[in-house]
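Naming convention: chains lettered A, B, ... in sequence-line order (proteins, then strands); numbering from 1 in each chain.
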Amino acid sequence: MKQYDHTKIEKKWQKQWAKKKLYKTVEQKSVDTAKDKKCYVLDMFPYPSGEGLHVGHPKGYIATDVYSRFKRMQGFNVLHPMGFDAFGLPAENYAIKNKIHPSVAVQKNIKRYKEQLEIIGFDYDWSREVDTTDSEYYRWTQWIFLQLFKKGLAYESNEPINWCPSCKTGLANEDLEDGKCERCGSVVEKKPIRQWVLRITDYADRLLKDIDGLNWPESIKESQRNWIGRSEGSEISFTVEFENGGKPGSIPVFTTRADTLFGATALVLSPEHLWVTLATDENHKGVLKNSEEVRQYVALSKKKTEIERTDTGKEKTGVKLEGVWAVNPATKEKIPMYVADYVLPDYGTGAVMMVPAHDERDFQFAKKYGVPVKDVVRPVHGEIHDNEEVRKTISAVVQRKSDGKFLFVKWKEFGWVAPVIGGMDSDTPEQAAEREVFEETGYKTKAIRRLGSETEHHFYADNKKVWRARFDQPVYLELIDETAHLRTKEEEDRLELLWLSYEEALKQITHADNKIGLNRFVKDTTVVTDFGVLIDSGKFSGLISEEAKKKITEFVGGKMVVKYKLRDWVFSRQRYWGEPIPLIHCERCGVVAVPEKDLPVKLPDVKSYEPTGTGESPLAAISKWVNTKCPQCKGKAKRETNTMPQWAGSSWYYLRYMDPKNKKEVVDPKKEKQWSPVDLYVGGTEHATRHLIYARFWHKFLYDIGVVSTTEPFMQLKNQGLIMGEDGRKMSKRFGNVVNPDDVIATYGADTFRVYEMFMGPFEQGIAWSTQNMIGSRRFIERVWKLVTTSIDANLSRQKNGDSANLEVLFNKTVKKVGEDIQDFGFNTAISSLMILLNAMEKVLVSKEQVGVLLQLLAPFAPHMTEELWSALGNKNSIHIAPWPAFDSTKLVEEKVTVIVQINGKVRGQIVVVKDANEDVVKKEAQENAEVAKWLWGQQIKKIIYVPGRVVNIVI
RNA sequence: GCUCGGGUGGCGGAAUUGGUAUACGCGCCAGACUUAAAAUCUGUUGGCCGCAAGGCCGUGUGGGUUCGAUUCCCACCCCGAGCACCA
């Protein structure tokens, strides 16, 4: 028996495979027939850092490798390529820090990554490798940009954008994390600089809608939906009038709650709102009486960082605009105007109507600044039924001063705990509340105030057996004295008095609806943000919110609109290491596209590439490169000096793999049709709202201009869970817990490494590395080695007790399960069933065929050792192109099955019966079983349930 | 706060349409081999009570549906992720 020498075996086969071009993908002649047997398996290509790979990085690559090998064995024409993404900030910052030119550093890092990947034994077709920094690649990145430019989807802008003071460049919204630069953690500023922006918002609707059809993890889909942030609402104009007699103007607001328009008691503008800017400038003195105060407030809020500005916990601030007012278009009432920085400038119209009664933020502001609160929606709880008995009630909130507890009653007959609730006659809610509290509890009280508006409840009154509608007004009352007066005997028998703290009350109150008044009092808020029925809203009173939105919008001449949170993609970086934006600024013709024949616009090779920090790219200083001729008028012109963001190259790389050497176009349409779309895409969750949105956007654009044939690039997406360090923390140099795959592979072998990473746990779940646990995988590999080599040595006639024929069912089951598990990424259970099979095989005499099947099933996971043993078995061709084993679906169940016998659902015994045993026979046998009979002794059997082949349950 | 995931032995984790909970692996314990150790092999291993036979309890908590619930329904608690003053 040969010793298992992983290093020798792995080197040998990696060399062989490369030599024989085993994994080279070829296009098939006929697109139509090729299409249904193709499989495009894609990894998110790495961004090669100077650190090299740690053991966590290859997890996804191993998974796609297993999957693609499996698919190849199933006869699919597999495309499984790999490449490198290397433009952008991280590479440039690394280069600056280490004083190596980025182009040199990147090539060095790529080389190191490739070496590390190669020893793991992947089946990549390296002849298709792409490198986003190669000018032959970025020629096409630039080409796509030009198409966007030509379609008007790339535009120049000077709006304030996110600026990272440390990286010295503008950033897209997607590049921020909690208002900080995602790369370096610096707090970003708002800075107006000239920049190129892509109109991704034009695609917002399609990007959102098409999410539904994707076979992606729910969490990623949800992240994208959140990020796009669609909301339907109304745009409504408010007339503005001037105290000094100026000409009235109007300001549009965006709202999703037009149904609350009658409750709009102020108009609020963001500090950046154009109207505010105009009203406070030199030319419009006299419009605002407090112009200076407003100007100062605006200046102050512009100084705040994004984080300070959008901190939800912070108290709201603002300034009233004196000397002007707005007119509520529904009520025609004059309402005050404020400027406040809780209103964001770049969402909706930058102005909102303030409805304190039905919006949490407005309520906070209104309370502080004394804006009136007007309730216009009555919340509805429960569902409306026909023939309801209607009651108008009050519910009383009574607090005792001495210990702060609240008064409740317990209904002795039903066990209900509730506040005092009583019917209203012709009196006011206050009078009714005082009367009811006294009658039911004997306490004298004084009503202080109503707690918000009425609430509406629909419920089934159990005690009276009727459906009931209740309109309830919560009222707060003060105790006149803390001693209760005598109650009638009748009341004493009916109701028990309880004094409860707020927390106790929340727990004990038996009907959730009865907590409303108490909550309004304790939390000191009467805000109702739910939909309901309109009240106090003129002719719209009585309508439900959903209906009223549209009708009120129409009534005031507004329109229904859709808004998105998604912002256009800030696409230029004031940095060196990126694709030059292929545009030319001509003194006469303006912005002109570089002619396609002149692409690529190569990044000039320079010594000094540090960012300038002025808002200009370092390229601007290279006059030889910058100064050029206008392609149209041949006059003096300058090149655009901004470069593209890191995400440009990765937004379309999956297309280039289909046709990596094409000099004439992005991709040959025939090849595109054969391979598109990507069938399976694997990578980390960190790309949820950047790469995966950008790539979808570009893909849809390319679809629109006829470059690609599908509307979505990636049909199925899987996220690998993170591998943490042995200490449970994220693997990082800082923690000293990084495990290097090269070391692991040198000691234990690539096959062990691969099997372990797939066996660790569910693929999509994060998990800590454990070298100890990995040894279990090594043992498994060694046991397979031993089983196969001893079988070969003994000429496949090892004598053991038993007979390999007994394994037939297990083999069929395992073949089925391993195939299914790989198909849906259940690698851990696939390996577990292979272990079960091995355990069984070790105990009996196995045939050459069976040994072969074991190796084939294991081949995608452990490609080297299975190849070695496969060839030792006498096979001439590679195991990796051998057809995947088939199973016999008639032989998935043993001839004899164990049926458990339960009595009243508890397992009391088991019987062995033939597979298709007659139900009555099984039931009879079950009762005769000695263990079971014991429990049945002297009992009356009520019922027997039989689940074929599984369980007999006897009910006694 | 909203949304999406997820809570199962000492640990990683398995469990078809509701049908023997803890497969497989790690660790632990015991045994074999060895002068010894490592490696390997064999066996045990959810908790409680019991000498034992055996019994009871057990999938975050509390209810419910069912002959039977890790699985379905309701309420709640905890952990992870995304979004968050988006009107």
Side-chain angles (χ1 to χ4, degrees), chain A residues 178 217-231 233-234 253-258 260 264 268 270 309-314 316 340-344 346-355 358-362 364-365 507 512 529 563-567 685-686 688-689 719 721 755-756 759-762 764-768 770-777 779-780 782-783 786 817 826 828-839 842 898-910 931 934 942-956:
Chain A
D178 293 326
E218 211 41 58
S219 62
I220 301 274
K221 297 210 292 191
E222 202 55 29
S223 289
Q224 291 213 347
R225 287 190 193 106
N226 282 343
W227 190 261
I228 295 166
R230 180 190 150 99
S231 49
S234 318
V253 303
F254 173 70
T255 178
T256 54
R257 290 299 301 272
T260 65
V268 196
S270 67
R309 174 92 181 254
T310 57
D311 177 12
T312 46
K314 162 201 97 169
K316 300 204 172 358
D341 68 3
Y342 78 90
V343 178
L344 303 176
D346 48 4
Y347 184 74
T349 62
V352 302
M353 63 185 209
M354 183 191 292
V355 185
H358 304 289
D359 183 281
E360 203 68 56
R361 298 151 301 180
D362 293 346
Q364 282 175 33
F365 188 91
K507 271 188 205 154
T529 54
K563 297 280 179 197
Y564 298 93
K565 280 197 319 196
L566 184 73
R567 297 295 133 79
T685 52
E686 66 274 16
T689 52
N719 292 123
V755 167
Y756 172 58
F759 185 61
M760 286 174 94
E764 308 211 31
Q765 236 171 68
I767 189 167
S770 159
T771 301
Q772 178 64 55
N773 280 4
M774 183 175 60
I775 289 170
S777 299
R779 280 186 201 142
F780 168 63
E782 281 179 6
R783 281 168 54 205
K786 198 167 142 196
K817 180 155 177 63
N828 56 334
T829 49
I831 291 171
S832 141
S833 57
L834 286 170
M835 287 171 170
I836 293 169
L837 179 64
L838 175 67
N839 288 345
E842 283 175 334
T898 303
V899 171
I900 61 132
V901 185
Q902 297 180 331
I903 291 168
N904 285 351
K906 284 196 173 165
V907 182
R908 296 300 183 192
Q910 46 180 261
E931 282 294 316
K934 198 172 74 185
K942 286 189 189 143
K943 194 160 134 192
I944 302 179
I945 294 133
Y946 176 53
V947 182
R950 292 200 173 275
V951 64
V952 177
N953 191 10
I954 303 169
V955 186
I956 54 176

| field | Nearest-angstrom distance, P atom, B:rU44 to B:rC51 | value | 24 Å
| field | Whole-angstrom distance between B:rG5 and B:rC85, as gauged at atom P | value | 24 Å
| request: Look at the side chain of A:Gln224 and the backbone N and O of A:Ala688, then say whether any donor-acceptor pair between them is shorter than 3.5 Å. | output: yes
| Rounded interatomic separation in angstrom, taking CZ from A:Arg783 and C1' from B:rC24 | 11 Å
| query | Does A:Arg225 have any side-chain contact (heavy atoms from CB on, under 4.5 Å) partners at least two apart in sequence or in another chain, and if so, which? | reply | A:Leu208, A:Ile211, A:Asp212, A:Glu218, A:Lys221, A:Glu222
| message | Which nucleotide, if any, forms a Watson-Crick or G-U wobble pair with B:rU34, using both distances under 3.5 Å? | response | none
| message | If I take atom CZ in residue A:Phe759 and atom P in nucleotide B:rA23, what distance separates them, rounded to the nearest angstrom? | response | 12 Å
| message | Which is it for B:rG27, anti or syn, if anything within 90° of zero counts as syn? | response | anti
| query | Reckon A:Ile836 touches a base, only the sugar-phosphate, or nothing at all at heavy-atom distances under 4.0 Å? | reply | sugar-phosphate
| query | Which atom pair, heavy atoms only, marks the closest approach of A:Ile228 to A:Tyr564? | reply | O-CB, 3.5 Å
| said: For the C1' atoms, the ones on B:rG46 and on B:rC29, what distance do you get once it is rounded to whole angstrom? | reply: 16 Å
| note | On a heavy-atom basis, the closest approach of A:Met353 and A:Ala264 is CB-CB, 4.1 Å
| query | Out of A:Val952, A:Val955, A:Ile956, A:Val901, which residue meets the side chain to side chain contact (heavy atoms under 4.5 Å, CB included) rule with A:Ile944? | reply | A:Val952
| remark: Here the pair of heavy atoms bringing A:Met760 nearest to A:Ile767 is O-CD1, 3.2 Å
| task | Provide the Watson-Crick or G-U wobble partner of B:rG5, both distances under 3.5 Å; none if there is no partner. | result | B:rC79
| field | From A:Ile831, A:Leu834, A:Thr829, residue fulfilling side chain to side chain contact (heavy atoms under 4.5 Å, CB included) relative to A:Phe759 | value | A:Ile831
| request: Find the distance A:Phe780:CZ to B:rC26:P and express it as a whole number of Å. | output: 11 Å
| field | Sugar-phosphate, base or nothing in reach of A:Asn839, heavy atoms under 4.0 Å | value | sugar-phosphate
| With rounding to whole Å, what would you report as the distance between B:rC33 and B:rG18 at their C1' atoms? | 49 Å
| When you compare B:rG10 with B:rC72, how far apart are their C1' atoms, in angstrom units rounded to a whole number? | 32 Å
| query | For B:rC11, does either OP1 or OP2 sit under 4.0 Å from a side-chain N or O belonging to A:Ser770? | reply | no
| field | A:Asp346/A:Arg567 ion pair, N-O < 4.0 Å | value | yes
| query | Of the candidate nucleotides B:rG82, B:rU20, B:rC26, which contains the atom at the shortest distance from the side chain of A:Asn773? | reply | B:rC26
| task | Determine, stepwise, if the pair A:Tyr347 / A:Ser231 fulfils side-chain hydrogen bond (donor to acceptor under 3.5 Å, both in side chains). | result | CA-CA 11 Å; A:Tyr347 184 74; A:Ser231 49; 2.7 Å; yes
| request: Please tell me which of the listed nucleotides, B:rC4, B:rC83, B:rU20, lies nearest to the side chain of A:Lys565? | output: B:rC83
| Which value, in whole Å, describes the distance between the P atoms of nucleotides B:rU42 and B:rU20? | 28 Å
| task | Using the C1' atom on both, measure B:rU8 against B:rG60 and round to a whole Å. | result | 10 Å
| Do you know which two heavy atoms are closest between A:Phe254 and A:Thr349, and how far apart they sit? | N-OG1, 3.6 Å
| note | Atom OH of A:Tyr347 and atom C1' of B:rA87 are separated, to the nearest Å, by 7 Å
| said: Taking any heavy-atom pair under 4.0 Å as a contact, classify A:Val343: base, sugar-phosphate, or nothing. | reply: base
| query | What is the distance from CD1 of A:Ile228 to P of B:rA84, rounded to the nearest Å? | reply | 13 Å
| query | Listed by chain and number, what are the side-chain contact (heavy atoms from CB on, under 4.5 Å) partners of A:Lys906, not counting sequence neighbours? | reply | A:Arg908
Within the sub-3.5 Å range, which N or O atoms of nucleotides 13-17 of chain B have a protein N or O partner, and how far apart are they?
| unit_1 | atom_1 | unit_2 | atom_2 | d |
| --- | --- | --- | --- | --- |
| B:rG13 | OP1 | A:Gln765 | OE1 | 2.8 |
| B:rA14 | OP1 | A:Asn828 | ND2 | 3.3 |
| B:rU16 | N3 | A:Arg950 | NH2 | 3.2 |
| B:rU16 | O4 | A:Arg950 | NH1 | 3.4 |
| B:rU16 | O4 | A:Arg950 | NH2 | 2.2 |

| field | Under-4.0 Å side-chain N/O to phosphate OP1/OP2 contact, A:Tyr342 with B:rA87 | value | no
| message | Taking any heavy-atom pair under 4.0 Å as a contact, classify A:Gly776: base, sugar-phosphate, or nothing. | response | sugar-phosphate
| task | Classify the nucleic acid contact of A:Arg908 as base, sugar-phosphate or nothing, counting any heavy atom under 4.0 Å across all strands shown. | result | sugar-phosphate
| field | From A:Asn904 atom CG to A:Ile954 atom CD1, the distance as rounded to the nearest 0.5 Å | value | 9.5 Å
Please tabulate, one pair per line, each protein N/O and nucleotide N/O from nucleotides 65-72 of chain B that are separated by under 3.5 Å, including the distance.
| unit_1 | atom_1 | unit_2 | atom_2 | d |
| --- | --- | --- | --- | --- |
| B:rC67 | O2' | A:Asn953 | ND2 | 3.3 |
| B:rC67 | O2 | A:Asn953 | ND2 | 2.3 |

| request: Any chance you could measure A:Lys817, atom NZ, to A:Leu837, atom CG, to the nearest 0.5 Å? | output: 13.0 Å
| said: What is the separation between atom CE on A:Met835 and atom P on B:rG12, rounded to the nearest whole Å? | reply: 17 Å
| query | How close or far is atom P of B:rU40 from atom NZ of A:Lys786, stated in whole angstroms? | reply | 10 Å
| message | By nearest atom, which of the nucleotides B:rC4, B:rG25, B:rC83 is closest to the A:Thr689 side chain? | response | B:rC83
| message | With a 3.5 Å limit on both atom pairs, tell me what B:rC26 is paired to, counting Watson-Crick and G-U wobble, or say none. | response | B:rG10
| message | Would you measure the distance from the C1' atom in B:rG6 across to the matching atom in B:rG54 and give it in whole Å? | response | 38 Å
| Which distance, rounded to the nearest 0.5 Å, do you find between the OG1 of A:Thr529 and the CD of A:Glu360? | 6.5 Å
| Could you state the interatomic distance from OG (A:Ser270) to CG (A:Asp341), rounded to the nearest 0.5 Å? | 9.5 Å
| task | Could you check how far NZ of A:Lys316 sits from C1' of B:rC85, rounded to whole Å? | result | 5 Å
| Of the non-hydrogen atoms in A:Val253 and A:Val352, which two are nearest, and what is the gap between them? | CG1-C, 3.8 Å
Between protein and nucleic acid, restricted to nucleotides 57-59 of chain B and to nitrogen or oxygen atoms under 3.5 Å apart, what atom pairs and distances do you find?
| unit_1 | atom_1 | unit_2 | atom_2 | d |
| --- | --- | --- | --- | --- |
| B:rC57 | OP2 | A:Lys906 | NZ | 3.1 |

| Who is the Watson-Crick or G-U wobble partner of B:rU16, with both distances under 3.5 Å? | none
| task | For B:rU66, give its Watson-Crick or G-U wobble partner with both distances under 3.5 Å, or none. | result | none
| query | Can the positive tip of A:Lys316 be found less than 6.0 Å from the middle of the six-membered ring of A:Tyr342, inside 45° of the ring normal? | reply | yes
Using atom names, set out every protein N or O paired with an N or O of nucleotides 27-31 of chain B below 3.5 Å, distance rounded to 0.1 Å.
| unit_1 | atom_1 | unit_2 | atom_2 | d |
| --- | --- | --- | --- | --- |
| B:rG27 | OP1 | A:Gln772 | NE2 | 2.2 |

